[in-house]
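Notes follow once the structure below has been shown.
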Amino acid sequence: MKMDLKKLFDTVGASEPIDCSLDFSKESLYGYAPFQQPVRVTGKIENRAGVVRLVFSVKSDLSLRCDRCLKAFEKPVAYTFSHILVRELSGEDDDTEFVVCADGQLDLGELARADLLLELPTKVLCSEDCKGLCPKCGKDLNFGPCECKKDIDPRWQALSDLFS
Ligand SMILES: [Zn+2]
Ligand SMILES: [Zn+2]
């Protein structure tokens, strides 16, 4: 979603509301697509004394999969991001807070996407104490223990045979 901010850059006191819904459903992360639901973006771009600041919030329900038990679940998330928009970087401004809008153009979709991906957890659990799946029979141990015997690791078995 591209925005033309040429006028806003040139007009002190100008502001532009943001209220849109973005579709990142094709975005995949760790082998699945977390953005099955639309991402709502609301906020404002404001030129205050020549400094153009963008503040926006994103809200969505993430479609996640537990790393331990593989259960699919949805998690509502809301994040707020803030950036200073500049038309070009001036030497010292190498802060990541600054977003360069070449020719006064801002790709809000791309920025929201990048911000959002940085916020996503790398480890996803359906609950903190998820017991996961049995590595042998694949049973979901959250629903109770499985029938597998607690086998001794064959390497230890060989060692204990040696000493018996
Ligand atoms: Zn789980
Ligand atoms: Zn088992």
Side-chain angles (χ1 to χ4, degrees), residues 1-3 5 15-46 52-86 93-101 105-164:
M1 201 199 121
K2 293 236 187 295
M3 297 180 77
L5 302 177
S15 72
E16 175 101 25
I18 295 167
D19 190 344
C20 60
S21 192
L22 299 174
D23 175 17
F24 295 139
S25 58
K26 298 212 167 52
E27 199 68 44
S28 92
L29 187 81
Y30 314 122
Y32 62 97
F35 305 109
Q36 290 307 304
Q37 304 298 321
V39 176
R40 177 94 190 276
V41 183
T42 53
K44 191 157 100 166
I45 307 174
E46 200 171 13
V52 177
R53 181 180 285 276
L54 160 68
V55 180
F56 67 97
S57 303
V58 293
K59 253 185 161 177
S60 192
D61 288 318
L62 298 184
S63 306
L64 300 174
R65 198 177 56 198
C66 178
D67 286 340
R68 269 187 213 153
C69 72
L70 307 180
K71 185 175 84 170
F73 63 102
E74 295 219 326
K75 187 183 184 208
V77 290
Y79 306 109
T80 299
F81 304 103
S82 165
H83 299 277
I84 305 280
L85 306 183
V86 292
D93 300 345
D94 59 346
D95 199 294
T96 50
E97 194 191 9
F98 292 90
V99 172
V100 181
C101 303
Q105 308 290 315
L106 170 69
D107 190 338
L108 181 67
E110 181 52 36
L111 183 62
R113 182 188 151 277
D115 280 346
L116 201 50
L117 286 178
L118 282 178
E119 289 298 323
L120 294 186
T122 50
K123 185 125 185 96
V124 177
L125 295 178
C126 62
S127 81
E128 273 308 311
D129 54 0
C130 173
K131 293 186 176 68
L133 304 179
C134 169
K136 286 199 113 172
C137 69
K139 187 184 153 132
D140 188 338
L141 300 176
N142 294 306
F143 296 108
C146 62
E147 304 296 312
C148 301
K149 286 196 208 91
K150 293 257 180 289
D151 289 338
I152 303 170
D153 187 311
R155 284 166 298 176
W156 292 113
Q157 188 62 56
L159 210 64
S160 73
D161 286 349
L162 215 65
F163 290 105
S164 62

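Residues in residues 56-75 take part in these ring pair (Phe, Tyr, Trp, His ring centres under 6.0 Å) pairs, two or more places apart or across chains: Phe56-Phe81.
Note that the SG atom of Cys134 and the CG atom of Leu141 stand 6.0 Å from one another [nearest 0.5 Å]. Rounding to the nearest 0.5 Å places CG of Leu85 at 6.5 Å from CG of Leu5. His83 NE2 to Leu111 CG: the interatomic distance, rounded to the nearest 0.5 Å, is 4.0 Å. For the atom pair Cys66 SG and Asp140 CG, the distance stands at 8.5 Å (nearest 0.5 Å).
Taking the salt bridge (charged side-chain N to carboxylate O under 4.0 Å, His left out) definition, one finds that Lys2 meets it with Asp107, sequence neighbours left out. The side chain to side chain contact (heavy atoms under 4.5 Å, CB included) search around Glu74 returns Gln37, Asp61, Ser63, not counting sequence neighbours. Under the side chain to side chain contact (heavy atoms under 4.5 Å, CB included) criterion, Ser127 pairs with Asp129, Cys130, sequence neighbours left out. Residues satisfying the side chain to side chain donor-acceptor pair (under 3.5 Å) test with Arg53, not counting sequence neighbours, are Ser82. For Asp19, the salt bridge (charged side-chain N to carboxylate O under 4.0 Å, His left out) partners two or more places apart in sequence, or in a different chain, are Arg40. With sequence neighbours left out, the side chain to side chain donor-acceptor pair (under 3.5 Å) criterion links Ser25 to Asp23. Remark: Asp67 pairs with no residue by the side chain to side chain donor-acceptor pair (under 3.5 Å) rule, at least two apart or across chains. With sequence neighbours excluded, the residues forming a side chain to side chain contact (heavy atoms under 4.5 Å, CB included) with Ser57 are Thr42, Thr80, listed by chain and number. When the salt bridge (charged side-chain N to carboxylate O under 4.0 Å, His left out) test is applied to Glu46, the partners found at least two apart in sequence or on another chain are Lys44, Arg48. Residues passing the salt bridge (charged side-chain N to carboxylate O under 4.0 Å, His left out) test with Arg113, sequence neighbours excluded: Glu27, Glu110. Applying the side chain to side chain contact (heavy atoms under 4.5 Å, CB included) criterion to Ile18, with sequence neighbours excluded, gives Met3, Cys20, Val41, Ile45, Leu54, Leu108.
Asn142 approaches Cys69 most closely through the heavy-atom pair ND2-CB, 3.8 Å. Between Ser60 and Pro38, the shortest heavy-atom contact is OG-O, 3.1 Å. The shortest non-hydrogen separation linking Pro34 to Leu64 is CB-CD2, 4.3 Å.
Side-chain contact between Phe35 and Leu120 is present, with heavy atoms from C-beta onward closer than 4.5 Å. Proximity of Leu117 to Phe24: side-chain heavy atoms (C-beta onward) are nowhere separated by under 4.5 Å.
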Task: Derivation and outcome, side chain to side chain contact (heavy atoms under 4.5 Å, CB included), residues Val58 and Asp115 - done: CA-CA 10 Å; Val58 293; Asp115 280 346; over 6 Å; no
Open item on the list: Please determine whether side chain to side chain contact (heavy atoms under 4.5 Å, CB included) holds for the pair Leu125 and Arg68, giving the CA-CA distance in whole Å, both sets of side-chain angles, and the decisive distance to 0.1 Å.
Closed with: CA-CA 7 Å; Leu125 295 178; Arg68 269 187 213 153; 3.7 Å; yes
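Under a cut-off of 6.0 angstrom, the local environment of NZ in Lys123 is crowded, with over 12 non-hydrogen atoms contributed by other residues, nucleotides or ligands. No more than 12 heavy atoms of other residues, nucleotides or ligands shown are found within 6.0 angstrom of NZ on Lys59.
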